[in-house]
Amino acid sequence: AQSVTQPDIHITVSEGASLELRCNYSYGATPYLFWYVQSPGQGLQLLLKYFSGDTLVQGIKGFEAEFKRSQSSFNLRKPSVHWSDAAEYFCAVGAGSGGGADGLTFGKGTHLIIQP
Amino acid sequence: EPEVTQTPSHQVTQMGQEVILRCVPISNHLYFYWYRQILGQKVEFLVSFYNNEISEKSEIFDDQFSVERPDGSNFTLKIRSTKLEDSAMYFCASSEAASWQYFGPGTRLTVT
(Lines give C-alpha, C1' and ligand atoms only; values in the text may rest on other atoms or scores of the structure.)
Protein backbone atom coordinates (compact mmCIF):
# COMPACT_ATOMS: atom_id res chain seq x y z
CA ALA A 1 0.00 0.00 0.00
CA GLN A 2 1.21 3.48 -0.78
CA SER A 3 1.83 6.04 1.93
CA VAL A 4 3.03 9.62 2.27
CA THR A 5 4.93 11.15 5.16
CA GLN A 6 5.22 14.85 5.77
CA PRO A 7 7.50 15.00 8.79
CA ASP A 8 6.93 18.66 9.62
CA ILE A 9 3.53 19.47 11.10
CA HIS A 10 4.29 23.20 11.36
CA ILE A 11 6.94 25.34 9.72
CA THR A 12 7.52 29.03 10.38
CA VAL A 13 9.39 31.09 7.81
CA SER A 14 10.10 34.78 7.59
CA GLU A 15 8.65 36.63 4.67
CA GLY A 16 11.20 36.75 1.86
CA ALA A 17 13.08 33.73 3.12
CA SER A 18 13.38 30.45 1.25
CA LEU A 19 11.16 27.49 1.96
CA GLU A 20 11.45 23.73 1.74
CA LEU A 21 8.63 21.40 2.74
CA ARG A 22 9.52 17.74 3.01
CA CYS A 23 7.61 14.82 1.59
CA ASN A 24 8.57 11.15 1.58
CA TYR A 25 6.51 8.48 -0.10
CA SER A 26 6.28 4.74 -0.13
CA TYR A 27 5.13 3.06 -3.30
CA GLY A 28 6.17 -0.09 -5.11
CA ALA A 29 6.36 1.32 -8.60
CA THR A 30 7.07 4.69 -10.17
CA PRO A 31 4.83 7.08 -8.28
CA TYR A 32 2.80 9.96 -9.52
CA LEU A 33 3.32 12.81 -7.08
CA PHE A 34 1.43 15.98 -6.32
CA TRP A 35 1.52 18.99 -4.07
CA TYR A 36 -1.74 20.69 -3.14
CA VAL A 37 -2.29 23.84 -1.10
CA GLN A 38 -5.29 24.54 1.09
CA SER A 39 -6.03 28.01 2.43
CA PRO A 40 -8.33 28.27 5.46
CA GLY A 41 -11.89 27.32 4.56
CA GLN A 42 -10.92 26.62 0.97
CA GLY A 43 -10.58 23.56 -1.22
CA LEU A 44 -7.41 21.95 -2.48
CA GLN A 45 -5.51 23.72 -5.22
CA LEU A 46 -2.95 21.82 -7.25
CA LEU A 47 0.49 23.44 -7.09
CA LEU A 48 2.42 20.99 -9.23
CA LYS A 49 2.68 17.40 -10.28
CA TYR A 50 5.25 14.83 -11.31
CA PHE A 51 4.36 12.09 -13.72
CA SER A 52 7.65 11.34 -15.49
CA GLY A 53 10.58 13.00 -17.20
CA ASP A 54 12.45 15.92 -15.70
CA THR A 55 12.72 15.39 -11.98
CA LEU A 56 12.54 19.11 -11.22
CA VAL A 57 9.03 20.32 -11.82
CA GLN A 58 7.77 23.86 -11.83
CA GLY A 59 4.39 24.81 -10.48
CA ILE A 60 2.22 27.80 -9.92
CA LYS A 61 2.95 30.68 -7.55
CA GLY A 62 6.71 30.24 -7.93
CA PHE A 63 6.85 26.78 -6.36
CA GLU A 64 8.99 23.91 -7.56
CA ALA A 65 9.58 20.36 -6.40
CA GLU A 66 12.26 17.80 -7.04
CA PHE A 67 11.63 14.08 -7.34
CA LYS A 68 14.48 12.03 -5.88
CA ARG A 69 13.87 8.34 -6.41
CA SER A 70 16.89 7.28 -4.32
CA GLN A 71 15.49 9.15 -1.33
CA SER A 72 11.81 8.49 -2.06
CA SER A 73 11.27 12.20 -1.68
CA PHE A 74 9.38 14.96 -3.42
CA ASN A 75 10.23 18.13 -1.53
CA LEU A 76 8.53 21.41 -2.29
CA ARG A 77 10.59 24.58 -2.51
CA LYS A 78 10.15 28.28 -3.02
CA PRO A 79 13.06 30.75 -3.10
CA SER A 80 11.20 33.63 -1.45
CA VAL A 81 7.92 33.26 0.41
CA HIS A 82 5.15 35.83 0.57
CA TRP A 83 2.67 36.34 3.38
CA SER A 84 -0.04 34.98 1.08
CA ASP A 85 1.73 31.60 1.04
CA ALA A 86 0.57 30.90 4.57
CA ALA A 87 -1.61 27.80 4.22
CA GLU A 88 -1.70 24.04 4.65
CA TYR A 89 0.36 22.09 2.15
CA PHE A 90 -0.37 18.50 1.25
CA CYS A 91 1.79 16.05 -0.61
CA ALA A 92 -0.04 13.22 -2.35
CA VAL A 93 0.81 10.10 -4.30
CA GLY A 94 -1.27 8.34 -6.92
CA ALA A 95 -0.89 4.90 -8.39
CA GLY A 96 -1.85 6.06 -11.86
CA SER A 97 -1.54 9.39 -13.51
CA GLY A 98 -3.68 11.11 -10.92
CA GLY A 99 -6.61 10.57 -13.16
CA GLY A 100 -8.07 7.29 -14.18
CA ALA A 101 -9.89 5.83 -11.23
CA ASP A 102 -7.05 6.01 -8.75
CA GLY A 103 -7.64 7.64 -5.43
CA LEU A 104 -4.82 9.79 -4.13
CA THR A 105 -3.09 9.09 -0.84
CA PHE A 106 -2.36 12.26 1.06
CA GLY A 107 0.15 13.12 3.74
CA LYS A 108 -1.03 14.73 6.96
CA GLY A 109 -0.04 18.16 5.74
CA THR A 110 2.39 20.88 6.79
CA HIS A 111 1.03 24.10 8.20
CA LEU A 112 3.11 27.00 6.90
CA ILE A 113 3.28 30.14 9.00
CA ILE A 114 4.81 33.30 7.56
CA GLN A 115 6.18 35.79 10.02
CA PRO A 116 6.84 39.41 9.03
CA GLU B 1 -11.24 28.51 -15.83
CA PRO B 2 -13.61 25.58 -15.28
CA GLU B 3 -14.00 24.44 -11.70
CA VAL B 4 -15.66 21.81 -9.57
CA THR B 5 -18.53 23.14 -7.50
CA GLN B 6 -20.12 21.68 -4.39
CA THR B 7 -23.34 22.37 -2.53
CA PRO B 8 -24.11 23.09 0.19
CA SER B 9 -21.00 24.67 1.63
CA HIS B 10 -22.11 23.68 5.13
CA GLN B 11 -24.65 21.05 6.17
CA VAL B 12 -25.80 20.44 9.70
CA THR B 13 -27.77 17.28 10.40
CA GLN B 14 -28.85 15.17 13.32
CA MET B 15 -27.39 11.77 14.00
CA GLY B 16 -29.30 9.07 12.15
CA GLN B 17 -30.48 11.34 9.38
CA GLU B 18 -29.68 10.88 5.71
CA VAL B 19 -27.66 13.53 3.89
CA ILE B 20 -26.88 14.05 0.25
CA LEU B 21 -23.84 16.07 -0.75
CA ARG B 22 -23.83 17.42 -4.25
CA CYS B 23 -21.06 18.10 -6.71
CA VAL B 24 -20.91 19.40 -10.25
CA PRO B 25 -17.67 18.14 -11.82
CA ILE B 26 -15.91 19.86 -14.68
CA SER B 27 -18.02 19.23 -17.75
CA ASN B 28 -15.67 17.18 -19.93
CA HIS B 29 -14.25 15.10 -17.09
CA LEU B 30 -14.95 11.39 -16.95
CA TYR B 31 -13.71 10.36 -13.51
CA PHE B 32 -15.22 11.50 -10.24
CA TYR B 33 -14.09 11.14 -6.66
CA TRP B 34 -15.09 11.80 -3.09
CA TYR B 35 -12.65 12.46 -0.28
CA ARG B 36 -13.16 13.48 3.30
CA GLN B 37 -11.05 15.41 5.79
CA ILE B 38 -11.86 15.11 9.46
CA LEU B 39 -10.92 18.30 11.27
CA GLY B 40 -7.19 18.44 11.84
CA GLN B 41 -6.50 15.25 9.95
CA LYS B 42 -5.38 14.34 6.47
CA VAL B 43 -7.50 14.10 3.37
CA GLU B 44 -8.75 10.53 2.87
CA PHE B 45 -9.95 8.90 -0.31
CA LEU B 46 -13.48 7.49 -0.19
CA VAL B 47 -14.51 6.41 -3.66
CA SER B 48 -13.95 6.88 -7.38
CA PHE B 49 -16.57 6.60 -10.09
CA TYR B 50 -16.31 6.04 -13.83
CA ASN B 51 -18.72 5.00 -16.53
CA ASN B 52 -21.62 5.01 -14.09
CA GLU B 53 -20.10 2.64 -11.61
CA ILE B 54 -17.73 2.62 -8.68
CA SER B 55 -14.15 2.01 -9.78
CA GLU B 56 -12.38 1.95 -6.47
CA LYS B 57 -13.38 2.46 -2.86
CA SER B 58 -11.58 2.65 0.42
CA GLU B 59 -12.38 0.79 3.62
CA ILE B 60 -14.04 3.95 4.89
CA PHE B 61 -16.69 3.68 2.17
CA ASP B 62 -18.96 1.17 3.85
CA ASP B 63 -22.61 0.29 3.26
CA GLN B 64 -23.88 3.55 4.68
CA PHE B 65 -22.30 5.45 1.79
CA SER B 66 -23.44 5.50 -1.80
CA VAL B 67 -22.67 7.57 -4.88
CA GLU B 68 -24.72 8.40 -7.90
CA ARG B 69 -24.58 10.40 -11.08
CA PRO B 70 -28.28 11.09 -11.45
CA ASP B 71 -27.94 13.21 -14.57
CA GLY B 72 -25.28 14.46 -16.92
CA SER B 73 -23.87 17.04 -14.55
CA ASN B 74 -24.32 16.13 -10.89
CA PHE B 75 -22.39 13.66 -8.79
CA THR B 76 -23.74 12.93 -5.33
CA LEU B 77 -22.59 11.29 -2.12
CA LYS B 78 -25.30 9.93 0.15
CA ILE B 79 -24.78 8.99 3.76
CA ARG B 80 -27.77 6.92 4.83
CA SER B 81 -27.69 7.20 8.60
CA THR B 82 -25.18 9.75 9.78
CA LYS B 83 -23.00 9.22 12.82
CA LEU B 84 -21.13 11.76 14.87
CA GLU B 85 -17.87 10.55 13.38
CA ASP B 86 -19.10 11.43 9.88
CA SER B 87 -18.54 15.08 10.72
CA ALA B 88 -15.88 16.21 8.28
CA MET B 89 -15.17 18.26 5.20
CA TYR B 90 -16.15 16.32 2.11
CA PHE B 91 -14.35 17.11 -1.13
CA CYS B 92 -15.44 16.17 -4.60
CA ALA B 93 -12.86 15.93 -7.38
CA SER B 94 -12.92 15.18 -11.07
CA SER B 95 -10.41 14.38 -13.76
CA GLU B 96 -10.01 13.58 -17.41
CA ALA B 97 -8.31 10.33 -18.21
CA ALA B 98 -4.59 10.46 -17.47
CA SER B 99 -4.63 13.84 -15.78
CA TRP B 100 -4.62 15.30 -12.34
CA GLN B 101 -7.64 15.69 -10.09
CA TYR B 102 -9.36 19.03 -9.64
CA PHE B 103 -10.93 19.50 -6.25
CA GLY B 104 -14.04 21.40 -5.28
CA PRO B 105 -14.23 23.79 -2.32
CA GLY B 106 -15.77 21.15 -0.06
CA THR B 107 -18.89 20.70 2.01
CA ARG B 108 -18.52 20.89 5.75
CA LEU B 109 -20.81 18.29 7.32
CA THR B 110 -21.62 18.66 10.99
CA VAL B 111 -23.52 15.81 12.66
CA THR B 112 -25.06 16.69 16.01
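By convention in this document, chain letters (A, B, ...) are assigned in the order of the sequence lines, proteins followed by strands, and residues within each chain are numbered from 1.
Summarising the local packing, CD of E59(B) is surrounded by 12 or fewer heavy atoms from other residues, nucleotides or ligands at distances under 6.0 Å.
Cluster annotation: L56(A) and L76(A) are assigned to distinct hydrophobic clusters (Ile/Leu/Val/Met/Phe/Trp/Tyr, side-chain heavy-atom contacts under 4.5 Å, transitive). Grouping the Ile, Leu, Val, Met, Phe, Trp and Tyr side chains by contacts below 4.5 angstrom, directly or via other members, places V24(B) apart from L44(A). At a threshold of 4.5 Å between side-chain heavy atoms, the hydrophobic network of Ile, Leu, Val, Met, Phe, Trp and Tyr places L84(B) and I79(B) in one connected group. No single ILVMFWY cluster, assembled from side-chain heavy atoms under 4.5 Å apart, contains both I20(B) and I60(B). Y89(A) and I113(A) fall into different hydrophobic clusters, defined by Ile, Leu, Val, Met, Phe, Trp and Tyr side-chain heavy atoms under 4.5 Å apart, directly or through other members.
For chain B, no part of Q6(A) is nearby; none of its heavy atoms comes within less than 4.5 Å.
The CD atom of E88(A) lies 7.5 Å from the CD atom of Q37(B); values are rounded to the nearest 0.5 Å. Going from atom CZ of F45(B) over to atom CZ of F106(A) covers 11.0 Å, rounded to the nearest 0.5 Å. The distance from the NZ atom of K42(B) to the OG1 atom of T105(A) is 7.0 Å, given to the nearest 0.5 Å.
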For the pair Y36(A) and Q101(B), evaluate side-chain contact (heavy atoms from CB on, under 4.5 Å) and give the outcome as yes or no after the intermediate values. CA-CA 10 Å; Y36(A) 285 86; Q101(B) 295 174 24; 4.0 Å; yes
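No donor-acceptor pair under 3.5 Å is formed between the side chain of Q41(B) and the backbone N or O of K108(A). Between the Y35(B) side chain and the L104(A) main chain, a donor and an acceptor come within less than 3.5 Å of each other.
Considering only heavy-atom pairs separated by less than 4.5 Å from chain B, the leading option among G107(A), G109(A), A92(A) is G107(A).
For residues 44-71 of chain A, every residue pair satisfying the salt bridge (Lys or Arg N to Asp or Glu O under 4.0 Å) rule, not counting sequence neighbours, is listed here: E64(A)-R77(A), E66(A)-R77(A).
Here the side chains of Q38(A) and F91(B) are in contact, with some heavy-atom distance below 4.5 Å.
Nearest approach of W100(B) to L46(A), heavy atoms of both residues: CD1-CD2, 3.0 Å.
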